[in-house]
Amino acid sequence: MALHYLSFVGEEGWRGCTVVAADDFMEAVIKTHTLGINPGGEVKGTELPEEIMDDPDAAAHVAACLNRLITREQMTELFGPDDLIPWRR
């Protein structure tokens with residue numbers, strides 16, 4: 001099982017993001033529905049590298065997003081306006 005970063009977008013723009021543990025992308029999307037955190041729209045995702053959890057800061061960022069839908073406002077609060085996705089640096 002791996003960690004997957006998923007980002008959601010609709011006609012009005014970005015709807016939020018999350019990190020979930022799943023075997024593959026489709027299972028990750030299904031898990032967002034099961035958890036009630038899929039806001040609809042298009043979804044794009046990437047599997048996070050295992051080494052990400054070796055970095056304490058990155059691991060904290062992942063934990064803040066795990067299994068919950070994060071809004072733009074929450075992303076800004078968590079990571080600051082210029083650093084929305086710290087593990088993709």
Side-chain angles (χ1 to χ4, degrees):
M1 192 165 302
L3 293 173
H4 295 263
Y5 167 81
L6 302 177
S7 181
F8 303 90
V9 65
E11 289 182 19
E12 71 286 348
W14 194 71
R15 292 183 174 180
C17 69
T18 190
V19 174
V20 295
D23 289 326
D24 57 39
F25 174 74
M26 285 308 301
E27 184 179 312
V29 173
I30 291 167
K31 188 167 186 176
T32 65
H33 284 285
T34 302
L35 293 171
I37 58 172
N38 187 319
E42 295 181 37
V43 61
K44 194 170 190 178
T46 188
E47 186 175 319
L48 298 177
E50 288 182 31
E51 315 77 69
I52 196 145
M53 299 310 280
D54 295 338
D55 177 330
D57 289 334
H61 292 156
V62 169
C65 297
L66 192 62
N67 296 329
R68 60 186 275 227
L69 184 66
I70 303 295
T71 65
R72 167 104 31 221
E73 294 78 21
Q74 290 168 319
M75 286 293 278
T76 301
E77 286 176 27
L78 287 168
F79 309 118
D82 298 321
D83 195 19
L84 294 181
I85 307 174
W87 49 80
R88 293 184 73 188
R89 285 186 222 150

For the student: nearest non-hydrogen atoms of Trp14 and Arg72, plus distance:
CZ3-N, 3.0 Å
When every non-hydrogen atom of Ala22 is compared with those of Glu27, the smallest separation belongs to CA-OE2, 3.5 Å
Membership question, hydrophobic clusters at under 4.5 Å side-chain separation (ILVMFWY): are Met1 and Val20 in the same one?
no
Return the CG to CD1 distance between Asp57 and Ile52, rounded to the nearest 0.5 Å.
11.0 Å
Could you give me the CA-CA distance, side-chain angles and deciding distance for Gln74 and Arg68, then say whether side-chain contact (heavy atoms from CB on, under 4.5 Å) is met?
CA-CA 11 Å; Gln74 290 168 319; Arg68 60 186 275 227; 3.4 Å; yes
Assess whether atom CD of Glu12 is packed by more than 12 heavy atoms of other residues, nucleotides or ligands within 6.0 Å.
yes
What are the two closest non-hydrogen atoms of Ala64 and Ile70, and how far apart are they?
O-CD1, 3.6 Å
Would a single hydrophobic cluster contain both Val9 and Val19, if residues Ile, Leu, Val, Met, Phe, Trp and Tyr are joined by side-chain heavy-atom contacts under 4.5 Å?
no
May I ask you to test the Lys31-Asn67 pair for a side-chain heavy-atom distance under 4.5 Å?
yes
Do you reckon Phe25 sits in the same ILVMFWY cluster as Leu35, going by side-chain contacts under 4.5 Å, direct or chained?
yes
side-chain contact (heavy atoms from CB on, under 4.5 Å), that's the test. Do Asn38 and Leu6 meet it? Break it down for me.
CA-CA 10 Å; Asn38 187 319; Leu6 302 177; over 6 Å; no
Tightest non-hydrogen contact, residues Thr18 and Cys65, listed as OG1-O, 3.3 Å
Could you state the interatomic distance from SG (Cys17) to CD1 (Ile37), rounded to the nearest 0.5 Å?
9.5 Å
Are side-chain heavy atoms of Val62 and Tyr5 found at a separation under 4.5 Å?
no
Closest heavy-atom pair, Gly10 versus Arg15, reported as atoms and distance to 0.1 Å, is CA-NE, 3.5 Å
So, taking the atom named CZ in Phe8 and the one named CG in Leu69, what distance separates them when rounded to the nearest 0.5 Å?
6.5 Å
